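What follows is one structure encoded as structure tokens, with my remarks underneath.
In what follows, residues are counted from 1 in the order of the sequence shown. Read the numbers this way: they start at 1 and go in the same order the structure lists the ligands and their atoms. Owing to the predicted nature of the structure, the values given are computational and were not obtained by experimental measurement.
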Amino acid sequence: MGALKVLVFFGVIVGCLSAKQFPENFLFGAAGASYQIEGGWDADGKGLSMWDVFAHTPGKIKNNDTGDVACDSYNKYKEDVAILKQLGLKVYRFSISWPRILPKGIPTEINQAGVDYYRNLIKELKDAGIEPLVTLYHWDLPQHLAELGGWLNPRIADYFGDYARICFELFGDQVKYWLPLNEPGTTCVHGYETGDLAPGLPLSGEGIYQCAYVHVLAHAKAWHIYNDEFRSKQGGKVGFNNVCFWFYPKSNNSEDIEAQTRAMEFGCGLYANPIYNGDWPQVVIDRVAYRSKKEGYSFSRLPTFTEEEKQYINGTSDYYGLNMYTSYLVEALADESFDSPSLEQDLAYNSTADPSWAHSASEWLNLDPPGIRNVLNYVNEKYNPGEIVVTENGWSDNGELDDQGRVTYLKGYLSNVLDAIVEDSINVIAYTTWSLMDNFEWNQGYTQKFGIVQVDFDSPNRTRTLKSSAEWYKRVAAAKEIVD
Ligand code: GBH
């Protein structure tokens, strides 16, 4: 009897565990971005973007790969949608190429072929019962605007506002989830601090903060335009997006714990705090001011928001679009010199991977599934964003069809998303894995594959083939639970 009770007890426990379910209306989906998948770089009146120019510059991209053809989704979008449908996915995150709609980025000329492309794509999705989640800007800035100073010029926020308004007008009857800007953090660090992504400006210690300032203003402008001119008739949501990785202190000493705070606040917080709390994180304000002074500046390298701007930017997000991939351990470094400004010295930490974490094909990407639950809790507590969508999460390999590494990764991270929902009561409403298809991985070209669907880049047909992870993910989306 006793033994039977014990058995029944464990049976119930195991039953409960295996029955842990995603909410009934939770949306599973996949993501991609215009420059990485579309190709058609000069098709039908599209203007140049700064990524066309950057990728066409010899030496900037591995193997001098470009996005000229990429997955050819400009021509093959119906196949992409058919695959999403076949997998039972209910949300597709894609981005609009600004210069495909406005060839020079300015509202004087609207390229009808570009408008038609996105209208057709959206119609195809809706007909298949798939919700479009649309990023307005995933790094392909019109070259004309890059030449006007790009993300260093505060006027870009006004140009972006005009572009956003045109997109809301053109597509807002069909689109209910918008994200103005993809990962400002990555653009500002890699475009304007290190220079290894477009526009390739190594303006160490300075470009990043001006870029962050302009991104925050641009995001807020798009949100206000939607809020004032479209919300009442279209009823959609405009979210904030950034990449937010998890950092553990390497030891329990106070220096390393402070380094963890710096890591979170200079990464996740630099862009999120202005949007949710109306100003830069205090740690960042203090740290950059301190170092700037020691470096001999009469002002901080971090721009100051005026009171009017603080009011304008505060509270400009309807949901949080979280891009999350990996975790790091951080160890504090002491200030050594003040002779050249840099983000690295502002950060003052060393980051490493725990030896127990598996490593992907990408230098920076490690397997630490609990990291995503930590970040979800962090974001939820700090920014109180209401709804959260995990807008990117994924694993890179060499493109093998039996991609068990990706299955392991997704299983671990999705289990932690589920725990965040069920155990921590965090309101995660959707998850779009990065990415639907293998694609142009920026300065890594086609050397690292993130897709749950393989693309044959050697074939003019760009043949798509489901990987093991796609088959697995299909079963998860159907069961709304983590399956083996
Ligand atoms: C996202 O960035 C992008 O939104 C997406 O377009 C991209 O394809 C996807 O992730 C996969 O990479 O070269 O060691 O300095 C994720 C954040 C920030 C990760 C830049 C890679 C470069 C690391 N990325 N980082 S390193």
Side-chain angles (χ1 to χ4, degrees), residues 30-38 49 51 54-55 60-62 65 67 70-71 73 93-97 133-141 179-198 200 202 204 208 211 215 239-247 263 266-268 270-271 321-328 342-344 347 350-353 359-366 371-372 375 389-397 399 406 409-410 413 432-453 455:
S34 47
Y35 188 71
Q36 296 181 274
I37 67 165
E38 284 176 3
S49 83
W51 264 98
F54 191 74
K60 296 293 185 193
I61 313 292
K62 273 205 183 138
D65 287 340
C71 308
S73 288
R93 176 180 178 228
F94 66 91
S95 76
I96 296 177
S97 160
L133 190 161
V134 181
T135 312
L136 288 175
Y137 175 76
H138 200 126
W139 305 355
D140 38 5
L141 189 70
L179 279 180
L181 302 167
N182 180 68
E183 290 190 3
T186 304
T187 303
C188 295
V189 173
H190 293 271
Y192 295 91
E193 165 78 21
T194 60
D196 57 326
L197 300 180
S204 188
I208 174 185
C211 171
H215 269 84
F240 164 80
N241 170 274
N242 195 28
V243 64
C244 193
F245 293 157
W246 183 248
F247 296 89
F266 275 80
C268 192
L270 187 61
Y271 313 87
L322 173 70
N323 293 5
M324 200 286 170
Y325 289 85
T326 193
S327 306
Y328 300 99
S342 72
L343 172 64
E344 203 178 331
L347 293 172
N350 222 341
S351 67
T352 49
H359 202 296
S360 81
S362 301
E363 192 55 46
W364 53 276
L365 177 48
N366 312 299
I372 197 165
V375 167
V389 176
V390 177
T391 42
E392 283 186 34
N393 176 243
W395 181 251
S396 67
D397 59 21
R406 179 168 296 100
Y409 177 96
L410 293 177
Y413 279 68
T432 54
T433 195
W434 187 271
S435 57
L436 177 63
M437 292 174 286
D438 295 340
N439 61 46
F440 178 79
E441 178 55 16
W442 307 113
N443 61 355
Q444 303 303 308
Y446 297 96
T447 61
Q448 289 153 31
K449 308 290 172 53
F450 277 88
I452 58 172
V453 175
V455 176

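- Checked by atom type, the side-chain pair Ser362/Gln448 shows a donor-acceptor distance below 3.5 Å.
- Every atom of ligand 1 is numbered from 1 in the order shown, and the set under 4.0 Å from a heavy atom of Phe450 is 11 (C), 12 (O).
- In this structure, the protein non-hydrogen atom closest to atom 2 (O) of ligand 1 is Glu183 OE1, 2.9 Å.
- For atom 13 (O) of ligand 1, the closest non-hydrogen atom on the protein side is Asp196 OD2, 4.2 Å.
- Side chain of Ser360 to main chain of Leu365: a donor-acceptor pair is present (N/O by atom type, distance under 3.5 Å, no hydrogens or angles).
- Between the side chains of Tyr409 and Asn393, at least one donor N or O lies within less than 3.5 Å of an accepting N or O.
- Those atoms of ligand 1 that come under 4.0 Å of a heavy atom in Thr186, given as number and element, are 17 (C), 18 (C), 20 (C).
- For Phe94, the ring-ring contact (aromatic ring centres under 6.0 Å, His included) partners at least two apart in sequence or on another chain are Tyr92.
- With sequence neighbours left out, Glu183 forms a salt bridge (charged side-chain N to carboxylate O under 4.0 Å, His left out) with no residue at all.
- Residue contact check: Asn182 has heavy atoms under 4.0 Å from atoms 4 (O) of ligand 1.
- The protein atom (non-hydrogen) at minimum distance from atom 14 (O) of ligand 1 is Trp364 CB, 4.0 Å.
- The heavy atom nearest to atom 7 (C) of ligand 1, considering only Met324, His190, Glu441, is found in Glu441.
- Using a 4.0 Å heavy-atom cutoff, Glu363 is absent from the residues neighbouring ligand 1.
- Atoms of ligand 1 lying under 4.0 Å from at least one heavy atom of Tyr325, given by number and element, are 1 (C), 9 (C), 10 (O), 11 (C), 16 (C).
- Put simply, CH2 on Trp139 and CG on Leu181 are 12.0 Å apart, with the number rounded to the nearest 0.5 Å.
- Taking atom 4 (O) of ligand 1 as the reference point, the nearest protein heavy-atom neighbour is Glu392 OE2, 2.9 Å.
- Between the side chains of Asn182 and Asn323, at least one donor N or O sits under 3.5 Å from an acceptor N or O.
- Note on ligand 1: His138 sits in its first shell, one or more heavy atoms being nearer than 4.0 Å.
- For the pair Arg93 and Glu392, the salt-bridge criterion is met [side-chain N within less than 4.0 Å of a carboxylate O].
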